[in-house]
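Single-structure report; data block below.
Treat the numbers as computed from the prediction; the structure is a model and nothing was measured. Hydrogens, waters and symmetry mates are skipped; everything else that's a heavy atom, side chains included, is used.
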Amino acid sequence: MDLLIDANVIIDYFTNREQKSAGTDALFEYIYAGKISAYIAAHTVPTIWYVLRKTLAPAERRNLLRALFSFFSISSVGEKELLSALDRDDFSDFEDCVQDECAANVHARYIITRNKKDFGHSKIPALLPAEFIDLMKLEKN
């Protein structure tokens with residue numbers, strides 16, 4: 001199963017933010033164990049770099065992102081995705097629309113995000129981390 005993981009979930013995991021969604025740690029356990037294929041949109045990488053500047057030195061951020069690439073594939077953001085996102089007026093946040101286009105590009109089954117309401121009009125269904133974990137538990141039975 002292929003998933004696109006939104007930037008907020010990755011940042012929550014690495015910073016252990018208070019508002020971290022339930023299920024985030026379990027989601028990463030699935031990813032690290034190779035039970036699911038996880039993607040991040042290419043434009044997410046600079047966002048992670050920027051947000052983590054407050055807590056990690058540049059060398060630590062480089063190491064963290066290199067390690068991230070060991071477990072996540074990258075969904076490219078090119079002209080096609082950007083033009084498609086520009087043509088859509090059903091998203092209030094352009095970046096979220098680009099996330100949706102990147103998820104569609106890799107045929108992701110779900111977008112995993114902390115802000116599910118931001119993806120109300122997405123092509124790819126959005127789930128909270130805990131919702132995805134519950135779904136995985138159901139599929140095991």
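Residues Arg114 and Asp12 are paired through a salt bridge, judged by an N-O separation under 4.0 Å between the basic side chain and the carboxylate. Salt bridge present: Glu101 and Lys123 bring a charged side-chain N and a carboxylate O closer than 4.0 Å. At a threshold of 4.0 Å, the pair Glu29-Lys35 does not count as salt-bridged, since none of the basic side-chain nitrogens sits closer than that to a carboxylate oxygen.
Here OH of Tyr110 is found 10.0 Å from CD of Glu131. Values are rounded to the nearest 0.5 Å. The CG atom of Leu128 lies 11.0 Å from the NZ atom of Lys117; values are rounded to the nearest 0.5 Å. Note that CG of Leu83 and CD of Glu81 are 9.5 Å apart. Values are rounded to the nearest 0.5 Å. Here CG of Asp25 is found 9.5 Å from CD1 of Ile133. Values are rounded to the nearest 0.5 Å. We find the OG1-CD1 distance between Thr24 and Ile11 to be 12.0 Å, quoted to the nearest 0.5 Å. For the atom pair CZ (Arg88) and OG (Ser122), the distance works out to 7.5 Å, reported to the nearest 0.5 Å.
Taking hydrophobic clusters as Ile, Leu, Val, Met, Phe, Trp and Tyr residues chained together by side-chain heavy-atom distances below 4.5 Å, Val9 shares a cluster with Phe132. By the criterion of side-chain heavy atoms lying less than 4.5 angstrom apart, applied directly or through intervening Ile, Leu, Val, Met, Phe, Trp or Tyr residues, Val98 is not grouped with Ile10; the two fall into different hydrophobic clusters. By the rule that hydrophobic residues join a cluster once side-chain heavy atoms approach within less than 4.5 Å of another member, Phe72 and Leu56 end up as members of one cluster.
With a 4.5 Å cut-off on side-chain heavy atoms, Asp2 and His107 do not count as touching. The closest side-chain heavy-atom distance from Ile36 to Met136 is below 4.5 Å. Proximity of Ser37 to Leu3: side-chain heavy atoms (C-beta onward) are nowhere separated by under 4.5 Å. You'll find the side chain of Ile74 stays beyond 4.5 Å of the side chain of Tyr39, heavy atoms only. With contacts defined as side-chain heavy-atom distances shorter than 4.5 Å, the pair Phe14/Ile48 does not qualify. Using a 4.5 Å heavy-atom threshold, the side chains of Cys102 and Val77 count as touching.
Gln99 pairs in a side chain to side chain donor-acceptor pair (under 3.5 Å) with only one of the listed residues (Thr113, Asp93, Asp6, Asp118), which is Asp6. Checked options Asp96, Ile124, Leu127; the residue passing with Phe119 is Asp96 (criterion: side-chain contact (heavy atoms from CB on, under 4.5 Å)). Remark: of the listed residues Phe28, Tyr30, Tyr32, Tyr13, Tyr32 is the sole one forming a ring pair (Phe, Tyr, Trp, His ring centres under 6.0 Å) with Phe71.
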Worked verdict on Leu27 versus Ile5 for side chain to side chain contact (heavy atoms under 4.5 Å, CB included): CA-CA 10 Å; Leu27 170 68; Ile5 312 300; 4.1 Å; yes
Determine, step by step, whether Thr15 and Leu52 satisfy the side chain to side chain contact (heavy atoms under 4.5 Å, CB included) criterion, reporting the C-alpha distance in whole Å, the side-chain angles of both residues, the deciding distance to 0.1 Å, and the verdict. CA-CA 8 Å; Thr15 62; Leu52 294 180; 3.3 Å; yes
What verdict does the side chain to side chain contact (heavy atoms under 4.5 Å, CB included) test give for Leu4 and Ser75, after you've listed the backbone C-alpha separation in whole Å, the side-chain angles of each residue and the deciding distance to 0.1 Å? CA-CA 8 Å; Leu4 184 113; Ser75 177; 4.2 Å; yes
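For the pair Arg66 and Phe69, the cation does not sit on the ring face, since its NZ or CZ is not both under 6.0 Å from the ring centre and inside 45° of the axis.
For Arg109 (side chain) and Met1 (main-chain N/O), no donor-acceptor pair under 3.5 Å exists by modelled atom type.
What you find for Ala22 and Pro129 is that their closest heavy atoms are O-CB, 3.6 Å.
The neighbour count for Tyr50 OH, taken as heavy atoms of other residues, nucleotides or ligands under 6.0 Å away, does not exceed 12. Crowding of Asp87 atom CG: a count of heavy atoms from other residues, nucleotides or ligands under 6.0 Å exceeding 12.
Side chains of Glu95 and Thr47: no donor on one and acceptor on the other come within 3.5 Å.
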